[in-house]
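The structure under discussion appears below in the form of structure tokens.
Residues: numbered from 1 along the sequence shown.
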Amino acid sequence: MSRDDAYAPRVGVLEEQTWPAMRDGDWPVALLPFGATEPHNTHLPYGTDTIMGREVAARVAAACAAQGVRVAALPAVPFGVNSTQLDLRFTINMMPSTQLALLRDVVKSLEPHGVRALVLLNAHGGNELRALVRELQPSTTMVLAIVNWWQAGDHGVFDSAGDHAGELETAAIMHVAPHLVVPDRNTWGDGHAKPSVFDGVRSGWAWMPRRWTQVTADTGVGDPREATVEKGAAFVAQAVERIAAFCVQLAGADANAMWADR
């Protein structure tokens with residue numbers, strides 16, 4: 001294989017591109033994946049959320065390019081809000097206030113370069129990004145939006161999608177990074193999660209953060225054992241298609257007419 005044959009940066013993936021490739025033309029939309037660094041049961045890597053955010057962003061950029069819309073997939077943020085999981089070794093926490101400072105700097109960096117919309121592509125449930133958008137949106141003309149990638153596909157693909165390192169996430173990683181999934185399923189935790197002792201929390205009208213080591217013995221929430229590569233491929237493909245359609249719409253939208261009767 002020649003060196004020329006081996007050169008294969010993915011379209012729109014900023015960390016793989018050269019300056020000439022990004023210098024000219026219109027880049028109306030950017031994707032900023034938000035991941036995390038935390039245990040994912042006994043069979044998935046610490047970087048599960050970051051890996052999925054990065055990969056979905058790259059695939060969305062490719063799908064948009066195929067439709068003639070250039071979308072920039074930015075490098076993934078590898079740390080998320082994990083303030084109640086810090087008793088799990090090597091969990092890395094980023095406070096929401098730190099996320100806000102980071103996002104403010106990213107927005108300021110992108111504004112002069114023609115990016116009209118920034119999609120926060122979230123891959124970690126602890127990253128509750130709405131407050132960040134509410135605070136930053138009045139100070140920028142750039143449209144800010146949030147997509148939780150795992151909500152973009154049809155959960156009916158799975159017997160039980162699960163919450164954290166369950167069937168959905170396991171199938172997705174089996175599809176995009178099979179070399180990082182522990183092959184012996186007999187070692188996988190069952191993802192059993194203890195319910196809250198509070199009626200309001202169990203009913204959903206009250207909320208409090210979960211102390212992870214009180215909730216689950218294996219760090220998982222949701223049984224992963226019915227996961228397959230085929231389920232992961234189907235779900236990721238559908239999520240990518242839907243997110244790409246959203247980005248294409250954003251690219252052509254009028255920022256002053258984002259809400260209208262149809």
Side-chain angles (χ1 to χ4, degrees), residues 9-17 19 21-35 49-50 52-78 80-81 94 96 98-125 127-153 236-262:
R10 291 175 292 179
V11 60
V13 178
L14 183 59
E15 61 190 334
E16 298 179 7
Q17 295 294 331
W19 179 49
M22 304 298 295
R23 177 179 54 198
D24 302 319
D26 191 28
W27 294 91
V29 179
L31 291 165
L32 178 59
F34 274 84
D49 296 338
T50 308
M52 287 310 308
R54 181 187 296 116
E55 183 64 23
V56 170
R59 295 186 185 197
V60 168
C64 290
Q67 299 176 62
V69 175
R70 297 207 290 182
V71 170
L74 306 181
V77 180
V81 177
M94 177 179 281
T98 308
Q99 290 182 323
L100 177 62
L102 183 151
L103 183 57
R104 180 180 286 114
D105 286 352
V106 171
V107 168
K108 287 183 178 179
S109 298
L110 295 176
E111 280 176 331
H113 304 302
V115 176
R116 300 191 293 275
L118 176 63
V119 176
L120 312 186
L121 185 65
N122 188 28
H124 171 59
N127 292 333
E128 297 172 349
L129 303 172
R130 292 188 182 188
L132 280 59
V133 169
R134 292 184 189 280
E135 180 154 345
L136 287 179
Q137 189 63 86
S139 64
T140 181
T141 58
M142 188 183 300
V143 175
L144 302 178
I146 300 167
V147 170
N148 295 323
W149 90 265
W150 70 89
Q151 294 178 329
V236 171
Q238 186 180 60
V240 166
E241 181 181 6
R242 289 177 174 176
I243 299 167
F246 177 64
C247 290
V248 170
Q249 284 185 304
L250 273 177
D254 179 353
N256 296 312
M258 308 277 299
W259 311 94
D261 292 322
R262 291 184 179 273

Item to check | Side chains of Val60 and Cys247 in contact at under 4.5 Å (non-hydrogen atoms) | outcome: yes

Item to check | Any Val236 side-chain heavy atom under 4.5 Å of Met52 side chain | outcome: yes

Next on the checklist: To check you understand the geometry: which heavy-atom pair defines the closest contact between Met142 and Gln137, and what is its length?
Outcome noted: O-NE2, 2.8 Å

Item to check | Residue pair Met258 / Ala253: nearest heavy atoms and the distance that separates them | outcome: SD-CB, 4.1 Å

Checklist entry - Given side chains that start at C-beta, do those of Val133 and Leu120 come closer than 4.5 Å, heavy atoms only? => result yes

Item to check | Leu110 and Leu74: CA distance, side-chain angles, deciding distance, side chain to side chain contact (heavy atoms under 4.5 Å, CB included) verdict | outcome: CA-CA 11 Å; Leu110 295 176; Leu74 306 181; 4.0 Å; yes

Item to check | Spacing of Gln151 atom CD and Ile146 atom CD1 [to the nearest 0.5 Å] | outcome: 10.5 Å

Next on the checklist: Regarding Asp26 and Arg116, does a basic nitrogen lie under 4.0 Å from an acidic carboxylate oxygen?
Outcome noted: yes

Checklist outcome for this item: To the nearest 0.5 Å, atom CD of Gln99 lies from atom CG of Leu132 at 6.0 Å

Item to check | Nearest non-hydrogen partners of Ala244 and Cys64, listed with the distance | outcome: O-SG, 3.6 Å

Checklist outcome for this item: Here the gap from Leu144 atom CG to Leu103 atom CG, rounded to the nearest 0.5 Å, amounts to 6.5 Å

Checklist entry - Quick one: does Leu129's side chain get under 4.5 Å of Phe34's, heavy atoms only? => result yes

Next on the checklist: Return the NE2 to CH2 distance between His124 and Trp150, rounded to the nearest 0.5 Å.
Outcome noted: 8.5 Å

Checklist entry - Atom CZ of Arg59 and atom CD1 of Ile243: how far apart are they, to the nearest 0.5 Å? => result 11.5 Å

Checklist entry - Any donor and acceptor pair, going by atom type alone, linking the side chain of Thr98 with main-chain N or O of Met94 inside 3.5 Å? => result no

Item to check | Heavy-atom closest contact (Val248 atom, Gln67 atom, distance) | outcome: CG2-OE1, 3.9 Å

Checklist outcome for this item: On a heavy-atom basis, the closest approach of Pro28 and Val69 is CG-CG1, 4.4 Å

Item to check | Close side-chain approach of Leu100 to Arg104, heavy-atom, < 4.5 Å | outcome: yes

Checklist entry - Short question: side chain of Gln17, backbone of Met22 - any donor-acceptor pair under 3.5 Å? => result no

Checklist entry - Does any non-hydrogen side-chain atom of Trp149 lie less than 4.5 Å from one of Asn122? => result no

Checklist entry - Is the shortest side-chain N to carboxylate O distance from Arg130 to Glu135 below 4.0 Å? => result no

Checklist entry - At what distance, to the nearest 0.5 angstrom, does CG of Leu32 lie from CG of Leu102? => result 7.0 Å

Checklist entry - Should we count CZ of Arg23 as having more than 12 external heavy atoms under 6.0 Å? => result yes

Checklist entry - Between Asn127 and Gly35, is there a donor-acceptor pair closer than 3.5 Å when you use the side chain of the first and the backbone of the second? => result yes

Checklist entry - Is it the case that more than 12 heavy atoms not belonging to Glu241 sit under 6.0 Å from its CD atom? => result no

Item to check | Nearest non-hydrogen partners of Leu121 and Gly53, listed with the distance | outcome: CD2-O, 3.6 Å

